[in-house]
Amino acid sequence: MTETARDYRSTLNLPKTGFPMKANLGQAEPATLKRWAEGSLAARVLEARADAPNFVFHDGPPYANGNIHIGHLLNKVLKDFVVRSRLMEGKRVHYVPGWDCHGLPIEHKVMLELVEKGKMAKLDTLEPDLRRMAIRRECAASADKFIKLQCGQMERLLTLADYAHPYATKQPEYEAATLEVFASMVEQGVVYRDLKPVHWSIANQTALAEAELEYEDRDDPSIYVDFEASDAEAVGRAFGVEPECRPSFMIWTTTPWTLPANLAIAVHPRYRYALVEHDGALSIVASDLWAKVAAAVSAEKHRVVAECDGAALVGLTYRHPFCDREGGIVAADYVTLEDGTGLVHTAPGHGADDYRTGLREGLAIYCPVRGDGTYDDTVPQWLRGMSVWEANAKVVEHLTQSGHMVHHQMFRHSYPHDWRSKTPVIFRATEQWFVGVDRPVKSSGKTLREMALAAVGGETATVRFVPEWGRNRMRGMLENRPDWCLSRQRSWGLPIPAFVQADGSMFMTPTSVRAVARRIAEKGSDCWFQESPAQLLAAYDPSADASAPAGLDIASLTKAYDIFDVWFEAGSSWNSVMRARGIGFPSELYLEGSDQHRGWFQLSLLPALAVTGEPPYRALLTHGFIVDKDGKKMSKSLGNAIEVEDLLKLHGAEVARWWASSVPYDGDIRVDMEFFRLAGESYRKVRNTLRFLLSNLSDFNPEAWKKSGASIGPETIDGWAMAQLAQLQRTVRDAYERYQFRDAHVAIFDFCNETLSARYCAATKDRLYCDAANGPRRRRTQATMWACVETLCKLLAPVLPHTAEEAWNSLWQSVGVDAAKGRPLTLEQHAPIAAQLHPAWDAALVAKESVSKALEVAKAEGLDNPLDAGVSVVDAAATLKPVLADLPDFFGVSRVELVERGTGALTVTVQDLRNEPRCERSWRRDGTVRERGDGGLLSDRDAAAVGV
RNA sequence: GCGCCGAUAGCUCAGCUGGCUAGAGCACGCCCCUGAUAAGGGCGAGGUCGAUGGUUCGAGUCCAUUUCGGCGCACCA
């Protein structure tokens, strides 16, 4: 440059900002967290919104065990989107994070550790209460440790919550409030105690609820066994034939170990049954199944001798193949023709249907299996003391030797396992506490099942489902669910406050439960293991309790030792947290993974309905599960898990949040480190757009601009941007309202990427840099950009709280305001934007595409720089005319000419302007460029800006 | 086994009540800019819409069957 004297660069208004391009989230986020904590942001928000309308949002308690995983991350971050987006709408948002503390997962782990440390043997010598307390102390310490750990990890995700005051199910006040729920349920008549088969974990020696089971494949013997009829002639009469030898009832089972408990055989009264001769034996099998069975048992020679209805078989008797007793044929309509023989081995102590049949037929609920999975002494000698799993083979062997075995093979099927010990569970009759879902609730006269179904589906439905298909799913589960087994035989939990009277009967009334609740509120549930019944019932006055049993003698009571299913505690959180803390009821929303349809959603619904008659939530939002990039389940054992810590170290919480907002959460959510890298790139795009806007606002004062009375006309490119901004705001607020975060994410990204970066910013660069600093056109654009940053910060705040705040603070810093102190973004609210879109801009957008394509063609002829070009666009109807002034900028060329003739077809002609003078300052060839007083070649605009 | 959900460019996803040559972002290729620069812009290539069979003038979109994957359920006795 020979004319170095005229270096116009210094006369330009070039971008300037402290907002860094590189986010450095790893260090910057913790600093933001510290600032929030120091300013007690969570508390301040509640204060600031003291009079605002409430938005009650209740957090489901994760289990206080282990580090958080990506599933937690997704769940907590989605919840935070709700919290922060509702805050931005001006609501007073109540959100208390919580933890589930009691239960088998912790106790199981603690026991393993105690065994490892060799402390178990010593504990076993202690008296039961002391032993339980020792275990409980270890468990409590473990829960505390993990609550603290996870608190920090969740806070690190930049989630806004009062982590200093979380709820935990082991807090005395929580426990007491849970017992209040229980007392009301007892009062409502839905709690009962009964001897019946429940899922039993041998490893942990306790009953388990449905929510504590997982299903794994398992190989079991599949056996066909002949049970000899006691009275051959009676069978003959049923079939109307004279049997040549003693006939047998053929049953099928995959649990040979339950055969010692066999007390009956069930048939369907309306099915046809056949007396069949096969390889010299005579058996009874359902007619429609014989072909299948014959094939299964590989019968070679066989024929059907006679047939009769199942009803004709009812009442016949058989000899148990190895126990010294007879059993009877009974009718049951659950017998199917899908598997087996149509004759169902019935052991009332080992199956739910068997149990019901047993009750109806007056059979004993006989369960010869003890808690440790071994047989008691009521079984034949050769089985006594043996574990049921060993017994499977033994029974098979015995039946084979005794000639009762028709066929035996191994069979793979899915079988329930204890979710903690991963060992198979058995069905075993024990005395347990239950919530009856088909018992009428006193207050409504309806059963819990009816009430739940009414709340969830049909015309009476009050609960909203996001996504909608959750409704069907929950309905299906509610229709089928069995009674809820509430009791567990463990130490780590909230005791079911029942006492045993001298005569062995149970004592527990609503009033006594409330009395114990009061004691526990003061001392915590440990007191159950440390105090006498009289102490526990200190607040109980039998004379004031109408339900107290006659002749109650508190002095002779002993404590019962069942504890609550942890799901009952979590399922009472609407009372223990929302109502007990005065937050409100019901919650607007419960938001959890789709497995909670059977878990927390359902087990919160039942108690709430029983006690209040209302569901505890207005809406249920479910998200899918995290799977790897191939759609496989993510787990540590498969080695495809991504550690949250690694993720945060590599990308920061903001990128993880940005990713979470981009995910369609209805179905499975695929995850791979690569996806976070991609999210990081798109985050950078948004960040850089904000940075560009901020960098052009360093000399702008919005107050002064407002005072100047200037406005943004719809025909200006700024008016176009404002209209787009207004549209964006509507779209994003609506998306947040509907919990469709992805829609918000896409809209924001597209706005930053296309509307701003590719179009508006590209188009306005020239005026920002080259117009006189205080020129009205430049100021107008700055006003527009200011509005964009302001609005974007608010729209982004729910998803990118750190970045949005960083930009927000930087924005205000440019006018000397310390926003971090004075007006934190979190306390802001949306303000509607009034801007109308001028229709010419739609046409301009279409024209821009044609211009780009035409320029691309011109490039091939050497016209590389669009500023060296002018374009003329056919605009027959003068559609573009109103916005002509800003079209050169919009198209990125030096000049635009509109041609008001020709057809309606859009035609673009490119003019090569390289022969015309080029402004040394703005590099444009707008036709006004000439030599100025300082000797430079400048356009009119630039000459004026420089003042020559 | 039963219920619910998903399967669309290399990747992540849009495609509402069936209708012009199936869209976006990212990645990729070519190019421009060098006054957003470990930035910015333009153009382009890329898909038998899991498979099969049906309904229809016409189906990614409706129906049936099926495969794979996820979540849930359980009277597999």
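When reading the values below, keep in mind they use all heavy atoms of this one structure, side chains included, and skip hydrogens, waters and symmetry mates. So you know, we letter chains A, B, ... as the sequences are listed, proteins then strands, and number each from 1.
When heavy atoms are screened at a 4.0 angstrom cut-off, A:Thr253 is found touching the sugar-phosphate backbone but no base atom. Here A:Arg677 lies out of heavy-atom contact (under 4.0 Å) with every strand. At a threshold of 4.0 angstrom between heavy atoms, the contacts of A:Thr255 are confined to the sugar-phosphate backbone, with no base atom among them.
Separating the CG atom of A:Leu620 from the P atom of B:C4 is a distance of 19 Å, rounded to the nearest angstrom. Between the C1' atom of B:G72 and the CH2 atom of A:Trp567 lies a distance of 13 Å, rounded to the nearest Å. One interatomic measurement links the two molecules: CG of A:Asn472 to P of B:C2, which rounds to 18 Å at whole-angstrom precision. If you measure from atom CZ of A:Arg471 to atom P of B:C4, you get 16 Å, rounded to the nearest angstrom. Per the geometry, CG belonging to A:Asn13 stands 13 Å off P belonging to B:A36, to the nearest Å. Distance A:Asp666 CG to B:G72 C1': 17 Å, rounded to the nearest Å. Distance CE (A:Met474) to P (B:C4): 17 Å, rounded to an integer number of Å.
For the pair A:Arg449 (side chain) and A:Asp438 (backbone), a donor-acceptor distance under 3.5 Å is absent. Using modelled atom types, one side-chain atom of A:Glu592 and one backbone atom of A:Gly60 make a donor-acceptor pair closer than 3.5 Å.
Salt bridge present: A:Asp942 and A:Arg921 bring a charged side-chain N and a carboxylate O closer than 4.0 Å. Ion pairing between a basic and an acidic side chain is recognised when a charged N comes within 4.0 Å of a carboxylate O; A:Arg9 and A:Glu920 show no such pairing. Between A:Arg941 and A:Asp766, at least one side-chain nitrogen of the basic residue sits less than 4.0 Å from a carboxylate oxygen of the acidic one, meeting the salt-bridge criterion. In this structure, A:Asp889 pairs ionically with A:Arg924, as a charged nitrogen and a carboxylate oxygen lie closer than 4.0 Å. The residues A:Asp743 and A:Arg738 are annotated as salt-bridged, a charged nitrogen and a carboxylate oxygen being separated by less than 4.0 angstrom.
When the nucleotides B:G70, B:G35, B:C32 are ranked by their closest atom to the side chain of A:Asp864, B:C32 comes out on top. Here the nucleotide nearest the side chain of A:Trp469, chosen from B:G44, B:G72, B:C5, is B:C5. The side chain of A:Arg598 lies closest to B:C73, out of B:C73, B:A36, B:G35. When the nucleotides B:C71, B:G70, B:C32 are ranked by their closest atom to the side chain of A:Asp595, B:C71 comes out on top. Here B:G70 is the nucleotide among B:G70, B:G44, B:U34 with the atom lying nearest to any side-chain atom of A:Phe625.
Using N1 to N3 plus N6-O4 or O6-N4 for Watson-Crick, or N1-O2 and O6-N3 for G-U wobble, each under 3.5 Å, B:C26 pairs with B:G10. When both distances must be under 3.5 Å, the Watson-Crick or G-U wobble mate of B:C62 is B:G54. The partner of B:G72 is B:C2, by the rule that a Watson-Crick or G-U pair needs both atom distances under 3.5 Å.
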Strictly under 3.5 Å: I want the nitrogen or oxygen pairs between protein and nucleotides 39-41 of chain B, one per line.
residue: B:A39; atom: OP1; partner: A:Arg684; partner atom: NH2; Å: 3.4
residue: B:G40; atom: OP1; partner: A:Lys685; partner atom: NZ; Å: 3.4
residue: B:G40; atom: O3'; partner: A:Ser757; partner atom: OG; Å: 2.9
residue: B:G41; atom: OP1; partner: A:Lys685; partner atom: NZ; Å: 3.3
residue: B:G41; atom: OP1; partner: A:Ser757; partner atom: OG; Å: 2.7
residue: B:G41; atom: OP1; partner: A:Ala758; partner atom: N; Å: 3.3
residue: B:G41; atom: OP2; partner: A:Lys685; partner atom: NZ; Å: 2.9

What nitrogen or oxygen pairs link the protein and nucleotides 11-18 of chain B at under 3.5 Å?
residue: B:C13; atom: O2'; partner: A:Arg742; partner atom: NH1; Å: 2.4
residue: B:C13; atom: O2'; partner: A:Arg742; partner atom: NH2; Å: 2.7

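B:C2 and B:C49: their P atoms are spaced 29 Å apart (whole Å). For the P atoms, the distance linking B:U61 with B:C16 amounts to 10 Å, nearest Å. Between B:A27 and B:G46, the two C1' atoms lie 12 Å apart (nearest whole Å). Between the P atoms of B:C30 and B:C68, the separation comes to 42 Å (whole Å). Comparing the same atom, C1', in B:G69 and in B:C43 gives a spacing of 39 Å after rounding to whole Å. Nucleotides B:U65 and B:C4 are separated by 12 Å at their P atoms, to the nearest Å. Taking the P atoms as reference points, B:A36 lies 23 Å from B:C28, given to the whole Å. Separation of the P atoms belonging to B:U8 and B:C62 is 15 Å when rounded to the nearest angstrom.
RNA chain B is contacted by both A:Asp353 and A:Ser682; A:Ser682 maps to the nucleotide lying nearer its 5′ end (nearest heavy atom per residue). Of the two residues near RNA chain B, A:Ser852 and A:Lys22, the one whose nearest nucleotide lies more 5' is A:Lys22.
A tilted orientation is assigned to the rings of A:Phe676 and A:Trp659, their planes being inclined by 30° to 60°. Aromatic ring pairs are classed by plane angle as parallel below 30°, tilted from 30° to 60° and perpendicular above 60°; the pair A:Trp252 and A:Tyr224 is tilted.
With hydrogens and angles ignored, no donor-acceptor pair closer than 3.5 Å exists between the side chain of A:Arg481 and the base of B:C73.
For A:Tyr769, a side-chain nitrogen or oxygen approaches OP1 or OP2 of B:A36 to under 4.0 Å.
Cation-pi check for A:Lys848 over A:Phe890 is met; the charged atom lies under 6.0 angstrom from the ring centroid and within 45 degrees of its normal.
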Inset, instruction - Could you go through the salt bridge (Lys or Arg N to Asp or Glu O under 4.0 Å) check for A:Lys853 and A:Glu856 one step at a time? - result: CA-CA 5 Å; A:Lys853 286 194 167 85; A:Glu856 207 63 29; over 6 Å; no

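The side chain to side chain contact (heavy atoms under 4.5 Å, CB included) search around A:His404 returns A:Val225, A:Glu228, A:Pro321, A:Leu399, A:Ser402, not counting sequence neighbours.
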